[in-house]
Amino acid sequence: MTTTCRRLSATALTLLLIAMPAAGAQEAPADRDARMKWWRDARFGMFIHWGLYAVPAGEYNGKRSKEIGEWIMSWANIPRAEYEKFAPTFNPARFDAAQWVRIAKDAGMKYLVITSKHHDGFAMYDSGVSTYDIVDATPYRKDPMRALADECRRQGITFAFYYSIMDWHHPSQYVDAPGKHAEAGHGQTRMREGRKQEYVDYMKAQLRELVTKYDPAVLWFDGEWVDWWTEEDGQDLYRYVRGLKPGILINNRVGKGRKGMEGLNRTDRVYAGDFGTPEQQIPASGLPGVDWESCMTMNDTWGFKHYDENWKSSQALIRNLIDIVSKGGNYLLNVGPTAQGEIPRPSVERLADMGRWMAVNGESLYGTGAMPFTEQLAWGRATRKDGKLYLHVFDWPADGVLLVPQIHGKVLTARMLAGGASVAFTQTTGITLKLPVKAPDPIASVIVLDIESSGGR
Ligand code: FHN
């Protein structure tokens with residue numbers, strides 16, 4: 001979906017967001033901070049879109065589309081009974097939970113969010129309330145979510161689930177404009193008369209299974225734009241899931257927004273949930289006052305498409321991560337594994353590059369806050385934490401002179417994060433650093449300033 005609708009200024013947006021009480025607003029601020037802490041510190045997570053759509057991999061009856069892979073049931077207008085036929089051929093024998101988690105961990109990611117059920121309604125775990133799941137309907141017969149949840153715990157990665165509210169397969173819903181989502185802006189399902197409660201009960205039963213059996217740290221909802229889902233439904237679902245696990249985090253897409261929020265991008269609103277979810281974009285000034293996480297693809301699809309080779313470079317991905325964290329957000333970077341159970345090689349290679357950068361420079365991102373400058377820095381980005389200011393230099397100055405705007409507090413030392421070499425500096429209104437001639441890292445070199453008294457400018 002395109003997420004470019006911005007009718008309010010960033011300042012107006014921020015004020016509105018701060019003014020909106022969330023469903024969890026009864027919670028004391030200190031309790032909320034404690035609940036959010038691991039997530040705010042983590043900064044970098046892996047999104048995994050994996051489901052039956054990996055079987056057609058973007059191609060149906062010889063036709064390919066520019067649309068996203070996990071939407072093939074909608075854009076190729078595949079009837080339910082036909083789409084179900086992918087299940088007996090779905091046998092991800094090469095799936096290796098330990099390897100997936102290792103790939104995320106080595107990239108420097110701290111958490112993983114995987115599709116338990118996407119819009120196609122197919123459960124990727126062993127559901128007791130449906131047989132339309134990977135254990136009952138495929139020759140694989142095993143539960144990869146069990147393996148992943150266990151492996152995440154073993155390797156120290158936080159495990160979380162995505163869950164779609166809209167369901168193209170559940171009999172309570174039907175699609176009245178098949179294949180039309182591109183023109184309409186988004187696919188819809190219509191709710192059959194009198195069947196909504198049955199579906200809400202079904203969702204709640206599945207969510208109870210997911211929370212009680214797999215203990216996810218986040219429930220990441222999506223598909224809430226359907227016209228039969230309301231903000232009240234979202235708040236009820238929020239309370240239900242928090243009731244199952246009080247410490248869980250829930251994204252904003254559980255609900256729809258209140259009156260007065262119509263002009264806001266749906267992914268930026270924080271109302272029923274705990275954090276905003278800008279999609280395929282980095283808000284220019286962050287979303288001050290709310291927690292947020294940008295979710296983005298590495299190519300142009302979330303679910304695997306065998307012909308999508310439009311990969312972003314490792315440099316672009318590393319700089320996106322820095323950019324997001326410097327604006328106070330988290331980066332949820334997607335991979336779309338194949339039907340055989342493998343993360344595509346181009347994704348693995350890029351994640352390895354990110355991991356190499358993070359192994360040296362991760363300190364400058366984990367647990368940090370947004371940079372203390374209101375204006376964009378021409379040469380890069382900055383983050384701060386515990387009396388330290390981290391400068392991420394994208395464009396290394398040819399004359400070796402780096403100008404940093406004024407900050408509160410006296411700079412005590414300046415050094416390169418990689419290797420620790422000292423950097424000469426002078427501080428007047430701003431700070432002038434005298435850097436080595438050559439950039440130590442062509443993607444982003446990090447300089448650490450120790451500041452006597454930390455805080456904003
Ligand atoms: O329609 C989905 C899409 O398939 C994908 O899951 C993304 C991820 O944020 N969310 C939806 C659109 O907002």
Side-chain angles (χ1 to χ4, degrees), residues 1-6 45-54 56-58 65-76 78 83 111-124 160-169 173 175 177-189 218-227 229 234 249-257 264-270 273-283 287 292-305 308 312 320 324 329-337 347:
M1 127 150 196
T2 51
T3 48
T4 48
C5 153
R6 286 186 170 277
M46 177 181 272
F47 211 178
I48 307 180
H49 276 68
W50 196 38
L52 264 193
Y53 38 80
S65 165
K66 285 205 174 79
E67 302 283 346
I68 42 185
E70 71 283 5
W71 273 72
I72 193 166
M73 187 174 172
S74 171
W75 59 252
I78 308 175
Y83 191 84
Y111 61 109
L112 178 158
V113 182
I114 185 159
T115 45
S116 59
K117 182 196 87 166
H118 203 264
H119 309 331
D120 66 358
F122 187 77
M124 287 296 287
F161 276 131
Y162 165 109
Y163 187 90
S164 173
I165 292 168
M166 176 174 75
D167 191 318
W168 294 325
H169 185 267
Q173 291 153 69
V175 178
K180 285 277 189 233
H181 75 276
E183 299 94 280
H186 239 308
Q188 282 273 357
T189 58
V218 181
L219 254 163
W220 209 105
F221 287 99
D222 201 2
E224 83 298 346
W225 60 83
V226 283
D227 62 6
W229 189 251
L249 308 186
I250 298 170
N251 70 331
N252 58 345
R253 300 188 195 177
V254 68
K256 305 246 326 199
L264 301 182
N265 186 331
R266 82 174 237 273
T267 58
D268 292 352
R269 303 171 197 162
V270 177
D274 296 313
F275 58 92
T277 51
E279 179 171 321
Q280 299 289 39
Q281 58 155 332
I282 302 172
L287 297 177
W292 59 277
E293 175 193 65
S294 274
C295 53
M296 299 175 92
T297 51
M298 280 197 202
N299 51 359
D300 291 331
T301 183
W302 302 91
F304 180 66
K305 270 168 81 175
D308 185 338
K312 296 171 186 75
N320 277 351
I324 289 168
N330 281 14
Y331 192 24
L332 189 63
L333 182 58
N334 185 72
V335 298
S347 299

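Worth saying up front: this structure is predicted, and the values here are computed from it rather than measured. Both ligands and their constituent atoms are indexed starting at 1 by order of listing.
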Do any nitrogen or oxygen atoms of W220 come within less than 3.5 Å of a nitrogen or oxygen of ligand 1?
no
Applying side-chain hydrogen bond (donor to acceptor under 3.5 Å, both in side chains), can you list everything that pairs with W220, at least two apart in sequence or on another chain?
E293
Check each atom of ligand 1 against the heavy atoms of H118 and keep those under 4.0 Å away; list them by number with element.
3 (C), 4 (O), 5 (C), 6 (O)
For ligand 1, which atoms have a heavy atom of W71 less than 4.0 angstrom away?
1 (O), 2 (C), 3 (C), 4 (O)
I'd like to check which ligand 1 atoms, numbered from 1 as shown, lie under 4.0 Å from a non-hydrogen atom of R253.
9 (O), 10 (N), 13 (O)
Within ligand 1, which atoms have a heavy atom of C295 less than 4.0 Å away?
9 (O)
Should D274 and N251 count as side-chain neighbours, where that means a heavy-atom distance under 4.5 Å?
no
Close side-chain approach of V175 and W168, heavy atoms under 4.5 Å
yes
Hey, can you tell me if Y162 and F47 have their rings parallel, tilted or perpendicular (30° and 60° cut-offs)?
tilted
Which of the numbered atoms in ligand 1 are under 4.0 angstrom from any heavy atom belonging to W302?
5 (C), 7 (C), 8 (C)
Are K117 and D167 close enough for a salt bridge, meaning some N to O gap below 4.0 Å?
yes
Could you list which atoms of ligand 1 come closer than 4.0 Å to a heavy atom of E70?
3 (C), 4 (O), 5 (C)
Does D222 reach ligand 1 with a nitrogen or oxygen that is under 3.5 Å from one of the ligand's nitrogen or oxygen atoms?
yes
When you measure from the side chain of T301 to the backbone N and O of G69, does any donor-acceptor pair fall under 3.5 Å?
yes
So Y163 and D222, do their side chains get closer than 4.5 Å, heavy atoms only?
no
Backbone, side chain, both or neither: what part of W225 comes under 4.0 angstrom of ligand 1, heavy atoms only?
side chain
